[in-house]
Amino acid sequence: MNIYSCIDNTNIDKIMVLFNSCYINCSNKESLHFYLLIDKRNTYININIPSNIKDILQISYLDMDFLEKNGWLEIHMEFSKYFYKQSKCNHIMNFSRFFIFDHFPD
């Protein structure tokens with residue numbers, strides 16, 4: 001089972017708790033894999049990754065250069081202007097799920 005998550009760098013610790021809980025409660029641990037897409041590089045270094053998921057966790061970073069070159073940041077800003085209207089939920093990671101398989105092609 002593959003579990004994917006896209007998260008901003010301020011909430012990585014929370015997703016580690018979720019991943020660890022999934023692992024602990026999974027009856028088929030050998031088939032479990034976690035994939036984490038983060039917005040900023042090297043932000044997970046200080047996060048406590050539970051030892052039981054270290055070997056089955058892959059981390060990648062949202063390619064902001066790609067998003068900018070291909071107009072996705074502009075699309076995000078335009079969408080946010082009308083949909084979020086300065087909401088706290090206005091974050092590029094809300095749209096990163098569209099790129100998850102570009103970062104984890106396996």
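The first residue in the sequence is number 1, and the count goes up from there.
Distance CD1/Ile56 to CD/Glu30: 10.0 Å, rounded to 0.5 Å. Summarising the geometry, atom CD1 belonging to Ile12 is positioned 10.0 Å from atom NZ belonging to Lys14; distances are rounded to the nearest 0.5 Å. Of the inter-residue distances, the one linking Ser96 atom OG with Ile38 atom CD1 reads 10.5 Å to the nearest 0.5 angstrom. From Ile15, atom CD1 reaches atom CG of Asp13 across 10.0 Å, with rounding to the nearest 0.5 Å.
Side chains of Met93 and Ile7 form no contact here, defined as non-hydrogen atoms less than 4.5 Å apart. Inter-residue side-chain proximity for Met16 and Leu57 is flagged as met; some heavy-atom pair is nearer than 4.5 Å. When side chains are defined from C-beta on, Phe99 counts as touching Leu67, because their heavy atoms get closer than 4.5 Å. Gln58 has its side chain out of reach of Phe34: every pair of non-hydrogen atoms, C-beta onward, lies at least 4.5 Å apart. A heavy-atom distance below 4.5 Å is not found between the side chains of Ser60 and Leu36.
Judged by distance alone, with hydrogens and angles left aside, the side-chain atoms of Lys69 form no donor-acceptor pair with the main-chain N or O of Met64 at under 3.5 Å. Side chain of Asp39 to backbone of Asp8: no donor-acceptor contact under 3.5 angstrom is found.
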### Query
Taking it one step at a time, do Phe104 and Asp102 satisfy side-chain contact (heavy atoms from CB on, under 4.5 Å)?
CA-CA 6 Å; Phe104 302 108; Asp102 292 327; over 6 Å; no

### Task
Go through Leu37 and Leu62 one step at a time and tell me if the side-chain contact (heavy atoms from CB on, under 4.5 Å) criterion holds.
CA-CA 6 Å; Leu37 184 60; Leu62 192 59; 4.1 Å; yes

### Message
Determine whether Tyr4 and Phe101 satisfy the following criterion, ring pair (Phe, Tyr, Trp, His ring centres under 6.0 Å), listing intermediate values before the conclusion.
### Response
CA-CA 10 Å; Tyr4 297 88; Phe101 296 114; 5.3 Å; yes

### Query
Hey, mind stepping through Leu32 and Tyr23 against side-chain contact (heavy atoms from CB on, under 4.5 Å) and telling me if it holds?
CA-CA 7 Å; Leu32 195 57; Tyr23 182 84; 3.9 Å; yes

### Task
Please report the C-alpha distance between Asn52 and Asn20 in whole Å, then the side-chain angles of each, then the deciding distance to 0.1 Å, and finally whether the side-chain hydrogen bond (donor to acceptor under 3.5 Å, both in side chains) criterion is met.
CA-CA 8 Å; Asn52 55 350; Asn20 193 43; 3.1 Å; yes

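The aromatic ring centres of Trp72 and Phe98 sit 6.0 Å or more apart.
When the side chains of ILVMFWY residues are joined at heavy-atom separations under 4.5 Å, either directly or via intervening members, Ile24 and Ile53 end up in two distinct hydrophobic clusters. Using a 4.5 Å cut-off between side-chain heavy atoms of Ile, Leu, Val, Met, Phe, Trp and Tyr, with links allowed through other members, Val17 and Phe19 fall into different hydrophobic clusters.
The shortest non-hydrogen separation linking Lys54 to Ile49 is CE-O, 3.2 Å.
Other residues, nucleotides and ligands contribute only 12 or fewer heavy atoms inside 6.0 Å of the CG atom of Asp55.
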